[in-house]
> 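After the structure tokens below, expect a handful of questions from me.
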Amino acid sequence: MTPGTPSKRRVAVVGVSLSDCGRVDGATPYALHAQAARRALADSGLDRSVVDGFGSAGLGTLAPAEVAEYLGLRPTWVDSTSVGGSTWEVMAAHAADAIAAGHANAVLLVYGSTARADIRAGRRTGDLSFGARGPLQFEVPYGHTLIAKYAMAARRHMHEYGTTVEQLASVAVQARANAALNPDAMYRDLITVDDVLSGPMIADPFTRLHCCIRSDGGAAVLLAAEEYVRDCRTGPVWVLGTGEHVSHTTMSEWPDFTVSPAAVSGRTAFERAGVRPHEVDLAEIYDAFTYMTLVTLEDLGFCAKGEGGAFVGKDRLTVAGGGLPVNTDGGGLSAHHPGMRGLFLLVEAVRQLRGEAGERQVRRAGGGLPELAVASATGGWFCSSGTVVLGRG
């Protein structure tokens with residue numbers, strides 16, 4: 001540091017929570033935001049008066065201003081970055097930078113959605129459209145759906161590296177095995193590879209169980225400067241390193257369907273954290289589709305490119321499997337997926353590092369709690385990625 005330059009403050013996640021999740025027919029998205037926020041503050045033990053930063057996306061005409069007003073907050077630092085499912089990892093990176101630089105002291109990130117209830121009540125349809133303007137005008141006439149784009153990417157990986165549909169299906173099977181240990185998961189009945197393969201086809205090679213569920217729910221994460229840690233109810237989980245990357249919007253501008261933007265965001269996060277993938281105890285990965293888990297594991301460096309199919313086999317991803325536990329709550333494939341799920345990844349990673357995950361708790365050899373976790377989320381159709389490395393103690 002140069003003379004007179006203040007040192008950067010360490011940043012910790014000090015509060016996490018979910019709102020009611022799964023089937024929530026009687027709440028508005030604003031109510032889910034508020035419920036998650038109140039619970040995260042209670043989890044931290046800090047008073048709401050310390051919150052001077054706020055991040056939110058996906059709700060309201062003037063997000064996050066409308067949500068902040070609903071919550072009774074008047075923040076002096078705000079972020080409304082919206083890059084799909086990876087929004088929350090990217091926001092967490094921005095919040096950590098702001099706190100470290102002294103631009104904020106405590107930043108609350110909140111998300112809530114009634115995606116499932118809205119469809120059930122006829123307030124919206126199940127179709128997702130990003131419009132037909134700008135670069136998308138060159139693809140929309142060909143009928144590409146979001147699911148089809150992921151399916152094409154999966155097919156390319158299968159063609160290039162011999163990845164099989166059974167290997168992809170095993171990702172869904174292992175996610176359900178983890179969900180079976182989570183009392184809050186929406187689907188807990190165990191499934192088999194045959195169950196996945198025999199389901200109705202959605203977009204080749206994805207049958208229904210290759211695709212995420214649709215739920216209601218919200219989440220909140222509170223990050224704070226190190227000097228607030230002593231006043232918190234629980235031990236801190238430190239933000240060790242972050243990375244973000246945007247790679248493309250149109251499929252024609254995606255150089256390689258088998259490489260996700262996590263290849264950049266992950267490398268950056270690990271380098272900033274000063275750790276290597278093999279040191280990580282668990283990974284929380286955005287899994288709107290089974291292929292996302294497989295290719296993100298490759299791109300984060302847990303296995304070599306093209307080896308993801310073999311890597312996800314033999315129960316390696318389950319809490320009880322003895323390999324690398326992935327999506328320990330059951331993920332978007334089985335637990336919760338109300339839309340932009342990235343904030344849920346951070347909540348689960350923190351709970352695991354604190355030792356608060358109950359029956360699904362990950363343990364190191366010898367029975368100790370995990371020390372390092374990574375949360376890596378994807379937005380759009382592999383358009384963006386945010387990765388956060390977290391550490392305990």
> Within the 4.5 Å heavy-atom criterion, are Lys149 and Phe382 side-chain neighbours or not?
no
> Got Ser334 and Ile213 here, is their nearest side-chain heavy-atom distance under 4.5 Å?
no
> Going hydrophobic residue to hydrophobic residue with side-chain gaps under 4.5 angstrom, can you get from Val196 over to Ile147?
yes
> What's the spacing between His248 NE2 and Glu253 CD if we round to 0.5 Å?
9.5 Å
> Is a side-chain donor or acceptor of Gln352 paired with a backbone partner of Val362 at a separation under 3.5 angstrom?
yes
> Can you confirm whether the side chains of Asp256 and Thr258 place a donor and an acceptor under 3.5 Å from each other?
yes
> For Glu348, give me all partners under salt bridge (Lys or Arg N to Asp or Glu O under 4.0 Å), at least two apart in sequence or on another chain.
Arg360
> Using modelled atom types and a 3.5 Å cut-off, is there a donor and acceptor pairing between side-chain atoms of Asp299 and backbone atoms of Ala262?
no
> When you compare the side chain of Arg351 with that of Val16, does any pair of heavy atoms fall below 4.5 Å?
yes
> Are the side chain of Ser215 and the backbone of His337 linked by a donor-acceptor contact shorter than 3.5 Å?
yes
> What I'd like to find out is whether the side chain of Arg116 reaches to under 4.5 Å of the side chain of Pro338, using heavy atoms alone.
no
> Under the ring pair (Phe, Tyr, Trp, His ring centres under 6.0 Å) rule, what pairs show up with a residue in residues 14-33, not counting sequence neighbours?
Tyr30-Tyr70
> Would Met251 end up clustered with Met292 when hydrophobic side chains under 4.5 Å apart are linked, directly or stepwise?
yes
> Could you check whether any side-chain heavy atom of Val221 comes within less than 4.5 Å of a side-chain heavy atom of Val350, counting everything from C-beta outward?
no
> Counting only heavy atoms not in Arg233, do more than 12 sit closer than 6.0 Å to its CZ atom?
yes
> Do the charged groups of Arg341 and Asp329 touch, with an N to O distance under 4.0 Å?
yes
> Verify the cluster assignment for Leu346 and Val275: are they in a single hydrophobic cluster under the rule of side-chain heavy atoms below 4.5 Å apart?
no
> In Å, rounded to the nearest 0.5 Å, how long is the span from NE2 of His210 to OG1 of Thr290?
5.0 Å
> Using atom types as modelled, flag every donor-acceptor pair under 3.5 Å from a side chain in residues 385-393 to any protein atom, sequence neighbours excluded.
residue	atom	partner	partner atom	Å
Ser385	OG	Ser265	OG	2.7
Ser385	OG	Ala377	O	3.4
Thr387	OG1	Ser265	OG	2.8
Thr387	OG1	Ser376	OG	2.9
Arg392	NE	Leu353	O	3.3
Arg392	NE	Pro370	O	3.0
Arg392	NH2	Leu369	O	3.4
Arg392	NH2	Glu371	OE2	2.7

> Taking Arg354 for its side chain and Thr234 for its backbone only, find out whether a donor-acceptor pair lies under 3.5 Å.
no
> Transitively linked via ILVMFWY side-chain contacts under 4.5 Å: Leu343 with Val24?
no
> I want to check a possible cation-pi pair here: Arg316 against Phe311, using under 6.0 Å from ring centre and within 45° of the ring axis as the test.
yes
> Does any N or O in the side chain of Thr318 come within less than 3.5 Å of the main-chain N or O of Asp315, such that one atom is a donor and the other an acceptor?
yes
> Grab the two heavy atoms, one from Ala177 and one from Leu190, that are nearest each other, plus how far apart they are.
CA-CD2, 3.8 Å
> Would you give the length of the straight line joining atom CG of Asp25 to atom CG of Asp20, rounded to the nearest 0.5 angstrom?
12.0 Å
> Which heavy-atom pair separates Ser56 from Val67 by the least distance, and what is that distance?
OG-CG2, 3.9 Å
> State, with a plain yes or no, whether a side-chain heavy atom of Ile191 is found less than 4.5 Å away from one of Leu209.
yes
> Would a single hydrophobic cluster contain both Tyr291 and Leu324, if residues Ile, Leu, Val, Met, Phe, Trp and Tyr are joined by side-chain heavy-atom contacts under 4.5 Å?
yes
> Mind checking what makes ring-ring contact (aromatic ring centres under 6.0 Å, His included) contact with Tyr111, not counting sequence neighbours?
Trp88
> If we ignore hydrogens and angles and just use 3.5 Å, is the side chain of Asp52 paired with the main-chain N or O of Asn105 as donor and acceptor?
yes
> Are the ring centres of Phe206 and Tyr150 closer than 6.0 Å?
no
> If only side-chain N and O atoms count, and only distance matters, is there a donor-acceptor pair under 3.5 Å linking Glu244 with Ser384?
no
> Would Asn327 and Ile285 count as a side chain to side chain contact (heavy atoms under 4.5 Å, CB included) if you check the C-alpha gap in whole Å, the side-chain angles of each, and the deciding distance to 0.1 Å?
CA-CA 6 Å; Asn327 295 338; Ile285 292 174; 4.1 Å; yes
> Taking the side chain as every heavy atom from C-beta outward, state whether Leu300 and Pro277 have any pair of such atoms under 4.5 Å apart.
no
> For the side chain of Trp238 and the backbone of Leu240, is there at least one donor-acceptor N/O pair under 3.5 Å apart?
no
> Let me see the working for Arg176 and Asp189 under salt bridge (Lys or Arg N to Asp or Glu O under 4.0 Å), right down to the final yes or no.
CA-CA 7 Å; Arg176 185 62 64 86; Asp189 293 337; over 6 Å; no
> Decide side chain to side chain contact (heavy atoms under 4.5 Å, CB included) for Thr328 and Glu284; before the verdict, give the C-alpha distance in whole Å, the side-chain angles of both, and the deciding distance to 0.1 Å.
CA-CA 7 Å; Thr328 49; Glu284 307 298 338; 2.7 Å; yes
> Do Thr378 side-chain atoms and Tyr286 backbone N/O form a donor-acceptor pair below 3.5 Å?
no
> Of the non-hydrogen atoms in Thr293 and Leu317, which two are nearest, and what is the gap between them?
CG2-CD1, 4.3 Å
> Can you see which heavy atom on Pro236 is nearest to which on Val229, and at what distance?
CG-CG1, 3.6 Å
> Under the criterion side chain to side chain contact (heavy atoms under 4.5 Å, CB included), I'd like the reasoning laid out for His336 against Asp184: C-alpha separation, chi angles, the key distance, then a yes or no.
CA-CA 9 Å; His336 312 295; Asp184 295 323; 4.2 Å; yes
> I'd like to know if the side chain of Gln174 and the backbone of Val312 have a donor-acceptor N/O pair within less than 3.5 Å.
yes
> Could you tell me whether the side chain of Glu69 reaches within less than 4.5 Å of the side chain of Leu71, counting heavy atoms only?
no
> From Thr242 OG1 over to Arg272 CZ, what is the distance, rounded to the nearest 0.5 angstrom?
5.0 Å
> Taking Asp216 first and then Arg23, would you say they form a salt bridge - that is, a charged N and a carboxylate O separated by under 4.0 Å?
no
> Under the rule for ring-ring contact (aromatic ring centres under 6.0 Å, His included), what residues qualify as partners of Phe54, not counting sequence neighbours?
none
> Which ring pair (Phe, Tyr, Trp, His ring centres under 6.0 Å) pairs, counting each pair once, include a residue from residues 159-200, with sequence neighbours left out?
His157-Tyr161
> Within the distance-only criterion (no hydrogens, no angle test), does the side chain of Thr28 pair as donor or acceptor with the backbone N or O of Ala31 below 3.5 angstrom?
yes
